[in-house]
Q: 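The structure is given below, and queries will be raised subsequently.
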Amino acid sequence: MPDAAIAPAPEGAVPASTAASLGDGLVVRGIHAGYGEMRVLHGVDIEVAAGEAVCLIGANGMGKTTLMRCLAGLLRPYEGTVGFAGRNLTGLSAAARVREGVALVPEGRHVFKPMTVQENLEMGAYKRLWPRRDPKVAADLAHIYEIFPRLKERRTSLAGTLSGGEQQMLAIGRALMSRPRLLLLDEPSMGLAPRVVQEIFAVIRRISAEGLAILLTEQNARMAFRTVSRCYVLSEGQIISEGTSEKLAADPAVKAAYLGI
Amino acid sequence: MDGTNTLVQLVIAGLSIGSIYALIALGFNIVFKCTGAMNFAQGEWVMMGGMVTAALFGVFSSVGLAVVTATVLIGAIGLVSERITIWPVRRPDPMTLTLVTVGLAIVSRSLVMIFLGKMPAGYSGFSGTDVISIEGVTVQTQSLWIIAITLLFLVLMHFFFERTVLGKALRAVSADPQAASLVGIPSSQMLMLAFGLAALAGGIAGAIVTPLTLMTYDQGATLGFKGFSAAMLGGIGNLPGAVVGGLLLGLIETFGSFYISSHFKDAISFAVLLLILFMRPAGLFGRVEVVKA
Ligand SMILES: Nc1ncnc2c1ncn2[C@@H]1O[C@H](COP(=O)(O)OP(=O)(O)O)[C@@H](O)[C@H]1O
Ligand SMILES: [Mg+2]
């Protein structure tokens, strides 16, 4: 695996046909990315099959958010490709990637604070409301309220007045309203009380069971191991380890670094 | 009784000029909320509203038709202006955008001067009669039209921002541009929409105020300044604040020029702006946003 980290430059020029041959899932190849002179990712390869739940584990500052931003189209990598469901997304804007079925729940939640809970959810379905209205949006809204009864209770409250846990639920609900086929979650547990984290992960497991592909990032792998089937370990901008949750959970090095044992 | 009549007349005059300031301030705030930039072209759109209506009035010889056509045209000019000046600036930080709008303002003013001339433009109001007297109160009919049209425009804007998908999307962009792009809202199209709406508000203000004040190609900066003062008064970026700020400024100015001297009309706005900047930089209604970590 570490070999992949030093992906040669031509890897960046993978044609769309390569992505197409890799089926319905997410295929990330040779991502080099950063902020100007500040290079953060040094050739990252990951894959998420359709319907699979995968976690990217890494300590603070290792580049998890940077990678998520590249996948969602918020950051243009120096090199590398992002393919999803046979399509090459590399050149697409964040807004265009939503239409391709990729939705990101960003680190820090980023709900629309001066808007109501319901308006936030509607905005999640923006592409399905404008310019043409998809009649299934109402049913999806009801489904989100069924998953998160708390949001239904607070649907007329301004999002800025919600607790951190409620905002995280809203951010997830908003992302789901676009009917994604791949949900990206960047540290969904950040800053939340353990009991709330349990709740959030229960929901993630439920969504995963409904068949949605999930890629999430975490610093602490304990909760993630019980939710996903496979993990990557990101360190200093490279994937240093990869495997099933069981395998990684048994790895002494991983235990020490990411389970706090 | 005479004193009361004067008071009522002043209030109506103040509210009508205040309505104009409110419309201009609204335009300022719409662009500010979406970009963080001060749009220096806002006043030029007001000027264009009056100048273009005057030119069209020569063609249509119907004030109503000329006003509606000119307003729509100015709205379209706002859209186009965004596409050719703001859009090409790929990394729109507020300072750069503000500077770009300064250029846009200068170009707009020059174009109007070249194509529509330097002469003051004017046309009659919406009603045949200029003034009406009710119970001893003499009012300019155009003042009543201004108040009514502004009210209608504000109701429509409120409906747009609260009830339509596009209006909500515009609010989403101003609340969190990055999150907006993550739900698929194309921020560049929203910016264009914001400029179009701001121009529409400016254009209609110019089109309905010109029968009272006349208009020349170089009046945009003053009008923009009044709108900016109104926006500061109500709290920059605060849409309802723009309305209250505009009406207040109109009243202060009208009462001030009546009781002190009409020579000080513009100086009064400047004094109000300075006072606000010194004492309440967030505006009369400025408050901390409802936010939780
Ligand atoms: N906007 C930015 N500009 C410059 N450097 C950044 C920026 N965002 C993150 N970094 C740096 O990139 C590195 C990786 O950050 P990040 O991807 O946020 O890590 P993680 O999500 O794993 O905590 C860190 O060293 C961080 O300081
Ligand atoms: Mg992070």
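Quick note: numbers below take in every heavy atom, side chains included, and nothing from hydrogens, waters or symmetry partners. Note on naming: letters A, B, ... go to the chains in the order of the sequence lines (proteins, then strands), and numbering restarts at 1 for each one.
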Q: Could you tell me whether B:F40 atom CZ has more than 12 heavy atoms of other residues or ligands within 6.0 Å of it?
A: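 Not buried by this count: 12 neighbours or fewer within 6.0 Å.
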Q: What distance do B:K168 atom NZ and A:Q118 atom CD have between them, rounded to the nearest 0.5 Å?
A: 7.5 Å
Q: Report which part of A:R69 has an atom under 4.5 Å of a heavy atom belonging to chain B: side chain, backbone, both, or neither.
A: side chain
Q: What are the two closest heavy atoms between B:V183 and A:F112, and how far apart are they?
A: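 Looking at all heavy atoms of both residues, the closest pair is CG2-CZ, 4.3 Å.
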Q: If you count heavy-atom pairs under 4.5 Å with chain B, which of A:L74, A:V105, A:L129, A:N120 comes out on top?
A: A:L74
Q: Has A:R206 got more than 12 heavy atoms of other residues, nucleotides or ligands less than 6.0 Å from its CZ?
A: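 Enclosed: over 12 neighbouring heavy atoms sit under 6.0 Å from CZ of A:R206.
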Q: For A:R97, which atoms come within 4.5 Å of any heavy atom of chain B: side chain, backbone, both, or neither?
A: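 It is neither, since no heavy atom gets under 4.5 Å.
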Q: How long is the gap from CZ on B:R171 to CE on A:M115, to the nearest 0.5 Å?
A: 4.0 Å
Q: Looking at A:R99, I'd like to know if its CZ atom is crowded, meaning that more than 12 non-hydrogen atoms belonging to other residues, nucleotides or ligands lie closer than 6.0 Å.
A: no
Q: If the test is side-chain contact (heavy atoms from CB on, under 4.5 Å), which one of B:I185, B:L182, B:V173 qualifies with A:M123?
A: B:I185
Q: Got more than 12 heavy atoms from elsewhere within 6.0 Å of OH, A:Y35?
A: yes
Q: Taking every non-hydrogen pair under 4.5 Å, which of B:S187, B:G184, B:A175 racks up the most with chain A?
A: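 The option with the most such pairs is B:G184.
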Q: Quick one: which residue pairs count as a side-chain hydrogen bond (donor to acceptor under 3.5 Å, both in side chains) with a foot in residues 239-253 of chain B, not counting sequence neighbours?
A: B:Y21-B:E253, B:K226-B:E253, B:E253-B:S269
Q: Need one label for B:E162: side chain, backbone, both or neither, based on atoms under 4.5 Å from any heavy atom in chain A.
A: both
